[in-house]
Number of protein chains: 2
Amino acid sequence: MALEHAILVALLEQPASGYELARRFDRSIGRFWTATHQQIYRVLKRMEADGWVTAEQVGQEGRPDKRRWSAAPPGRAALAEWLHAPVQPEAVRHELAVKIRGAAFADPAGRAALVAEVERYRADHEAVLARYLAGERRDFPDPADPDARAALQHVVLRGGIAYERMVLAWLDDVLATLRDLDRPTP
Amino acid sequence: MALEHAILVALLEQPASGYELARRFDRSIGRFWTATHQQIYRVLKRMEADGWVTAEQVGQEGRPDKRRWSAAPPGRAALAEWLHAPVQPEAVRHELAVKIRGAAFADPAGRAALVAEVERYRADHEAVLARYLAGERRDFPDPADPDARAALQHVVLRGGIAYERMVLAWLDDVLATLRDLDRPTP
DNA sequence: TCCTGCTATGCAACGAGTTGCATAGGCAAG
DNA sequence: CTTGCCTATGCAACTCGTTGCATAGCAGGA
């Protein structure tokens, strides 16, 4: 289970409350590791019991108190150990690929609905790519990144950009293939 | 949950026993939808109760009997309905990306271990790509696919090929970045 | 001969992850 | 002024998915 480790990395990059972590997982981190606030609160509690993280109470005016979490030395040690462990092959769950193969057993109306859905899905990915590119211009304007942290965050972001570009090109291929199926043969 | 639908597509493409399904999920289908045999048996039972699939007992010489499952009309109807539903955004869980960002908080020895791990991971993906390309040459030698089913299977496979190529290029980028961190500055 | 591995199905227990709900004050729009 | 949204944390119940184990006959290698 790597949610613990994803949280450790996030807290080392910047201490945060559970709520803030959840929002960061919705934004940048969430692009390669998703988690709901429920999971994050539960795991933080377990990590606190294990001494991996420590909390500091922060009072705020006009809103509820929060607990700012930081990675503790045992957490850093656990992270270092985990970095040595083999990477598990990703468990792929690509719903769209299943639907595309399923379209072979649908009628033209069903395939038309799938085309519309793929177009919507494509627009989503186009928006994600635009967001990545804007983030890259904002956070990494200099091609030579100043420190290790920036260089590594940047290479992960480049991976996201490459992924989105690949998806967009593939979706064009998918749309052309789906449209060809119901085109009257000349 | 789309495991039901993935099984329906697999059974429409070719009726099979639970065991055979599990192996197909390990091979071709498993590249975009993973499932263990436990899950498959359990879900098949539920689908049978819902009337989505029917089983036919097949006796075999010298080995245990098996139950050959086929998609029933209610299953086909459920699949058609599902094709109209919006595609859920994929829940990404990319362990390697977490490790790469975590490498910012590791010492040079830890980063060296990660480099070795990335190289192993890269070799895995190179093997997957080779398997995809071999499968493409074997199953889709003709650029114009004969029927809808072949055309759609082919476009999904092309997606897998594009994904693996993108991953390999990105891993080269990752390796160069990681190696740069601990290179003595000139 | 024994050990390993393959086909074939399944139970039981556990851990991971989701969904719904609750609290509670503040802020902004209609 | 009321409805909805944002910050902030958390419980409870549920489903999904994994792991370990069991059965059982047969085939092949050490």
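An OP1 or OP2 oxygen of C:dT9 is reached within less than 4.0 angstrom by a side-chain nitrogen or oxygen of B:Tyr41. OP1 or OP2 of D:dT9 sits under 4.0 Å from a side-chain N or O of A:Ser17. Here B:Arg46 reaches the OP1 or OP2 of D:dC16: one of its side-chain N or O atoms lies under 4.0 Å away. When the side-chain nitrogen and oxygen atoms of A:Tyr19 are compared with OP1 and OP2 of D:dT7, one or more of them lie within a distance under 4.0 Å. The side chain of A:Arg23 contributes an N or O atom lying less than 4.0 Å from OP1 or OP2 of D:dT7. Under 4.0 angstrom from either OP1 or OP2 of D:dT18 there lies at least one side-chain N or O belonging to B:Gln39. Put simply, A:Thr36 has no side-chain N or O that comes within less than 4.0 Å of OP1 or OP2 on C:dT19. The phosphate of D:dG17 has OP1 or OP2 within less than 4.0 Å of a side-chain N or O from A:Arg93.
The main-chain N or O of B:Ala85 is found under 3.5 Å from a side-chain atom of A:Lys99 such that the two form a donor-acceptor pair.
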Evaluate B:Gln14 against B:Glu20 for side chain to side chain donor-acceptor pair (under 3.5 Å), listing each step before the verdict. CA-CA 10 Å; B:Gln14 175 76 49; B:Glu20 286 161 355; over 6 Å; no
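Linking Ile, Leu, Val, Met, Phe, Trp and Tyr residues whenever their side-chain heavy atoms come within less than 4.5 Å leaves A:Ile100 and B:Leu157 in two separate clusters.
Note on B:Arg67: only backbone sugar-phosphate atoms sit closer than 4.0 angstrom, heavy atoms only; bases stay farther off. Using a 4.0 Å heavy-atom distance criterion, B:Arg68 is classed as making no nucleic acid contact.
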Dump every N/O contact between nucleotides 20-22 of chain C and the protein below 3.5 Å, one line per pair.
residue: C:dG20; atom: O6; partner: A:Gln38; partner atom: NE2; Å: 3.0

Per-pair distances, 0.1 Å, donor-acceptor, side chain in residues 72-83 of chain A, under 3.5 Å, sequence neighbours excluded:
none

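Here D:dA8 is the nucleotide among D:dA8, D:dG17, C:dT9 with the atom lying nearest to any side-chain atom of A:Lys66.
Under the salt bridge (Lys or Arg N to Asp or Glu O under 4.0 Å) criterion, A:Asp173 pairs with B:Arg158, not counting sequence neighbours. For B:Asp107, the salt bridge (Lys or Arg N to Asp or Glu O under 4.0 Å) criterion is met by no residue, not counting sequence neighbours.
Each end of the helix from C:dT1-D:dA30 to C:dG30-D:dC1 gets its own axis from five base pairs, and the two axes differ in direction by 20°, given to 10 degrees.
No side-chain heavy atom of A:Lys66 sits less than 4.5 Å from a side-chain heavy atom of A:Tyr19.
At a cut-off of 3.5 angstrom, counting only N and O atoms as typed in the model, there is no donor on one side facing an acceptor on the other between the side-chain of B:Arg42 and the base of D:dT15.
Applying the side-chain hydrogen bond (donor to acceptor under 3.5 Å, both in side chains) test to residues at least two apart or on different chains, the pairs with a partner in residues 125-136 of chain A are A:Tyr121-A:His125, A:Arg122-A:Glu126, A:His125-A:Glu164, A:Glu136-A:His154.
If you take CZ on A:Arg165 and CD1 on A:Ile161, they are separated by 6.5 Å, rounding to the nearest 0.5 Å.
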